[in-house]
Amino acid sequence: MSTGKSVAVGVELTGRGTTVALVDRHGKVRYRLQAMTLRGRPPIATIEPSLRAIDTILSHAHAEGFKVRGLGVCVPGTIDFERRRPLLLPTLPSLNDFPLCDFLEARYHLPVQLRVDVDAALLGEHRFGAGKGVNRLLFLTLNAVVGASLVVDGQLERSAQQYVGHISHMLVSTNGPRCSCGKRGCINTLISVDAMQKMVQRALRRGEQTSLTQRLLNREYFSPQLLAEEAGRGDSVSLQVYGEVGRWLGVATTRYIDLFEPHRLILGGDALFAGDLLLDHVRHTLMTRPSSSVCTMVDVVPAHLGRNASIVGSVVPLF
Ligand SMILES: [Zn+2]
């Protein structure tokens, strides 16, 4: 069997649903399926639709003559590395402490590996995307919550996990909004997608005029994309939100760089996919920050793999 026909199955489990994909050894997604995750059920019932999607994708791989090397699963939360199982998944609590790798290996007779989603995304970017060949690579994601991960010499930096796992509660403003952890001014309350939405809600409560009102009245859901579109049209509230988030992101980025001393920093996640506004803010902050010469030397780049990053990285290095 030629290695050109080697693939692995990536499985991205989230509270909203599961993506199952056939990924080739160049990091390309060859085939993809979506499945529901049945929250609130026992563990196997929760992932039952995902298992059927894996069955289907394995049949497809077989029919196409692919050699499947293994399964890579990524989850939103923390994992027990030694026991190869989820530890704490806030959106899929029934899978906490469920022996996921053992279960899947017994079912599919293939090697299975488990990763945290942000770690998987970083490995994907390191192997196939914006971090290729970079020795010390930091990845920061802005989704509903803020996540970060570090790779050194091609390996996830486990000693940094302690920090990195709690990065969303890094304190950047003592008088900022109150966080779910009880403290004020955690980074999560200032730069995540949730934080952006709350800023818009506060502006609406203050009665500020914004073209967002009409779009939200049209039953469009709030998203960074919607905010970026209105900012692009010059809407003052949207520009104000991007300005504020950009400033805090700049502050946070300098803190991360001081802490982890990366050679390159990749910014990814839903908030970043929406446009260059935030990236420009961060670059400006780093360039104009006089106290840190380290910061001006760090490359700050957007993620290349977009929403595929986690699923592609979840199968590295199964080939
Ligand atoms: Zn917090």
Side-chain angles (χ1 to χ4, degrees), residues 13-16 39 74-81 86-93 95-97 115-122 138-150 156-205 222-224 227 240-262 265-274 278 281-282 285 295 300 303 310:
L13 287 168
T14 78
R16 296 184 306 276
R39 300 171 62 177
C74 66
V75 291
T78 55
I79 60 178
D80 183 333
F81 289 97
L87 195 59
L88 186 63
L89 308 184
T91 55
L92 289 169
L95 298 183
N96 294 346
D97 208 35
R115 295 231 164 85
V116 174
D117 52 4
V118 61
D119 291 346
L122 173 57
L138 181 65
F139 185 58
L140 179 62
T141 57
L142 274 69
N143 291 308
V145 295
V146 175
S149 186
L150 180 70
L156 286 171
E157 181 59 45
R158 294 277 291 278
S159 63
Q161 294 290 328
Q162 187 74 11
Y163 272 129
V164 165
H166 298 100
I167 212 89
S168 58
H169 299 291
M170 180 189 268
L171 197 69
V172 283
S173 166
T174 48
N175 55 4
R178 193 172 295 282
C179 176
S180 58
C181 73
K183 291 184 296 186
R184 277 189 183 277
C186 293
I187 203 159
N188 212 33
T189 64
L190 297 163
I191 65 172
S192 61
V193 174
D194 281 1
M196 293 171 126
Q197 187 165 11
K198 284 183 179 140
M199 284 175 203
V200 170
Q201 285 163 350
R202 283 197 293 274
L204 292 176
R205 279 200 296 273
F222 175 83
S223 68
L227 198 64
Q240 194 181 306
V241 170
Y242 267 111
E244 194 171 335
V245 172
R247 238 184 350 268
W248 287 120
L249 183 58
V251 171
T253 305
T254 53
R255 294 277 296 276
Y256 290 127
I257 291 173
D258 288 342
L259 198 57
F260 299 114
E261 301 183 337
L265 169 66
I266 301 177
L267 294 175
D270 289 345
L272 272 302
F273 296 148
L278 287 179
H281 271 290
V282 172
T285 308
C295 287
V300 179
S310 294

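Numbering of ligands and ligand atoms starts at 1, following listing order.
F260 places none of its side-chain heavy atoms less than 4.5 Å from the side chain of S149. The side-chain heavy atoms of S310 and R115, taken from C-beta on, include no pair separated by under 4.5 Å. Looking at L138 and Y256, their side chains come closer than 4.5 Å, going by heavy atoms from C-beta outward. With contacts defined as side-chain heavy-atom distances shorter than 4.5 Å, the pair L278/L267 does not qualify.
The two residues M196 and L227 have their closest heavy-atom pair at CE-CD2, 4.0 Å.
Near the Zn ion (ligand 1), less than 2.8 Å away, sit the protein N, O or S atoms H169 ND1, C179 SG, C181 SG, C186 SG.
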Verify side chain to side chain contact (heavy atoms under 4.5 Å, CB included) between L92 and V75, making sure each step is shown before the conclusion. CA-CA 9 Å; L92 289 169; V75 291; 6.0 Å; no
